[in-house]
Amino acid sequence: MAQANPIFDNETKGWVDLVPGRQSQPKLISNLEAKWLVIGAGFTGLSCARRLAEINPKDQIILLDARELGQNASGRNSGYAVAHSHFSGPYQESQLEKYQRVDRINHVGLNSLRTLVKDNSINCDWIESGIYHTAADNNSEIECDHFINYLKKRDITHTPLSKQEIHNHLGTSWYKKGVKVENGALMQPAKLVFGLAKNLPSNIELYENTPVLRMTLGKAVKVIVPDAIISAEQVIMACNYETFEGVKPKQRAVGVTLSGSITRALTKDEINTLGSESSWGILSLHSGGATIRLTDDGRIAIRNTAEYNNHHLLTDKQLINRQQIHRQAFNNRFPHLSHVPFEFLYSGVEGVSANKTNIFERFSDNLYYAGCFNGSGITKGTAFGIGIAEYACGKKSAIVNDCLALEKAKWLPPKPFLDLGAWFTTKQRFKGVGRDR
């Protein structure tokens with residue numbers, strides 16, 4: 001969305017609270033001329049800048065972020081690197097090509113991250129133990145059956161789970177049934193994004209706390225930041241749902257604000273009540289259901305609210321109110337741990353489109369955009385970063401072809417109709433959520 005007077009939320013809440021402080025890179029305060037400029041240093045921007053540096057080792061690549069690292073969606077998600085996406089509803093043979101394409105994109109991102117974590121010894125609590133998908137209400141029970149049938153049809157390794165089996169694995173009797181997809185990774189997202197930034201190629205210059213205010217398109221793109229002007233031959237926007245004054249594509253993505261809470265570290269006895277695995281992640285089979293993690297350091301994280309808040313984080317007052325919803329959901333699932341207090345409370349904004357697809361395109365000869373991941377930004381965002389870099393460099397590759405072949409995001413109406421539509425659509429996300437919230 002165009003931001004003539006941008007207010008870039010910047011607060012130290014989220015998964016960064018659990019990580020030792022880091023020295024941020026300085027903001028840009030002097031004018032620059034550059035061959036390449038990447039805007040946004042989340043998973044997509046970091047991946048894009050890295051791939052550009054690999055293809056063009058002699059070129060200077062400028063990477064900007066409006067905030068400090070981890071203060072965007074990359075440090076506020078729940079740390080799931082999915083290998084296989086969940087498509088709601090019955091399996092449709094006519095959609096097989098789409099299913100396969102999305103999974104290929106997921107795997108490009110997952111494989112890239114796995115390699116980077118291993119090769120650079122990034123300590124981010126990375127574990128490839130699979131991901132649980134669960135159903136607590138009648139509606140999501142039906143969806144669980146659809147998803148299991150989908151996994152069977154696709155020959156994807158999975159394990160169906162009864163209520164008792166879920167209790168044995170996760171220590172909760174709240175869910176009626178579920179399925180574990182055996183491929184996929186969990187990690188501490190702030191640790192991962194910090195590690196990726198720390199190990200960037202030497203021809204990348206990262207500037208934090210440097211929001212783009214506006215751009216002027218032309219043979220070279222003039223990019224205005226608060227204390228400098230950048231003249232760039234090629235610009236790649238890897239900024240999720242945000243665009244800027246001077247770039248006026250029709251609106252196709254909005255920011256939806258989610259919130260979550262994280263407990264204190266559990267005692268050994270408390271952890272022993274949570275089943276047979278030391279770290280796990282639950283995704284609800286209802287789109288409005290709770291996402292729950294048992295982290296590597298023995299905390300439980302729960303996220304189960306989503307709302308349209310004009311693309312902004314929640315205020316402290318709003319967060320305290322939402323935590324009552326987190327608390328109830330936590331106590332429902334773990335009544336024996338209802339005495340355990342929450343230690344951290346945060347919100348984050350994800351980019352979503354009306355038809356749950358992504359944005360990958362060239363706006364002009366020297367301006368590209370990749371974003372809007374509908375809650376799957378770790379693997380998809382990483383893959384899109386690779387793809388958009390190769391696309392901008394004129395390379396033909398499987399990931400470029402797959403990203404270009406995805407369904408285009410639908411155009412959205414202008415304000416004030418946008419706000420009303422986004423509010424209503426987000427509210428519908430919780431229709432029939434029942435016990436899954």
Practice problem: Look at the rings of Phe87 and Tyr99 and say which category their plane angle falls in: under 30° parallel, 30 to 60° tilted, over 60° perpendicular. | Solution: tilted

Quiz item: Centres of the His107 and His84 rings: under 6.0 Å?
Solution: yes

Quiz prompt | Shortest non-hydrogen contact from Ala422 toward Tyr308 | solution = CB-CD1, 3.6 Å

Quiz item: If you measure from the Lys or Arg side-chain nitrogens to the Asp or Glu carboxylate oxygens, is any gap between Glu143 and Lys177 under 4.0 Å?
Solution: no

Quiz item: Do we get Arg76 above Tyr346's six-membered ring, with its NZ or CZ under 6.0 Å from the centre and within 45° of the axis?
Solution: no

Self-check item: Step-by-step side-chain contact (heavy atoms from CB on, under 4.5 Å) determination, Ile166 to Tyr132
Solution: CA-CA 9 Å; Ile166 293 173; Tyr132 288 91; 5.8 Å; no

Quiz item: Looking at Tyr369, does the NZ or CZ of Arg362 lie under 6.0 angstrom from its six-membered ring centre and within 45 degrees of the ring axis?
Solution: no

Quiz item: Centroid-to-centroid, Phe373 to Phe384, below 6.0 Å?
Solution: yes

Exercise. Inspect the contact between Glu307 and Lys427 and indicate whether a charged nitrogen and a carboxylate oxygen are less than 4.0 angstrom apart.
Key: no

Quiz item: So, Arg435 and Glu141, do they make that salt bridge, N to O below 4.0 Å?
Solution: no

Exercise. Apply the test side-chain hydrogen bond (donor to acceptor under 3.5 Å, both in side chains) to residues Asp297 and Thr295: give CA-CA distance (whole Å), side-chain angles for both, the deciding distance (0.1 Å), then the verdict.
Key: CA-CA 5 Å; Asp297 61 344; Thr295 65; 2.4 Å; yes

Self-check item: Aromatic centroids of Tyr91 and His146 separated by under 6.0 Å
Solution: no

Quiz item: Between Arg299 and Glu343, is the closest basic N to carboxylate O distance under 4.0 Å?
Solution: yes

Quiz item: Any salt bridge between Glu350 and Lys356, counting N to O under 4.0 Å?
Solution: no

Quiz item: Aromatic ring centroids of Tyr391 and Tyr368 under 6.0 Å?
Solution: yes

Self-check item: Ionic contact status for Asp103 with Arg154, cut-off 4.0 Å
Solution: yes

Exercise. Give a yes or no on whether the ring-centroid distance for Phe342 and Phe330 is below 6.0 angstrom.
Key: yes

Self-check item: Over 12 non-hydrogen atoms of neighbours within 6.0 angstrom of NZ in Lys431
Solution: no

Quiz item: Hey, is Arg67 close enough to Glu208 for a salt bridge, meaning N to O under 4.0 Å?
Solution: no

Self-check item: salt bridge (Lys or Arg N to Asp or Glu O under 4.0 Å) between Glu270 and Arg264, intermediate numbers included
Solution: CA-CA 11 Å; Glu270 289 166 343; Arg264 65 157 166 78; 3.0 Å; yes

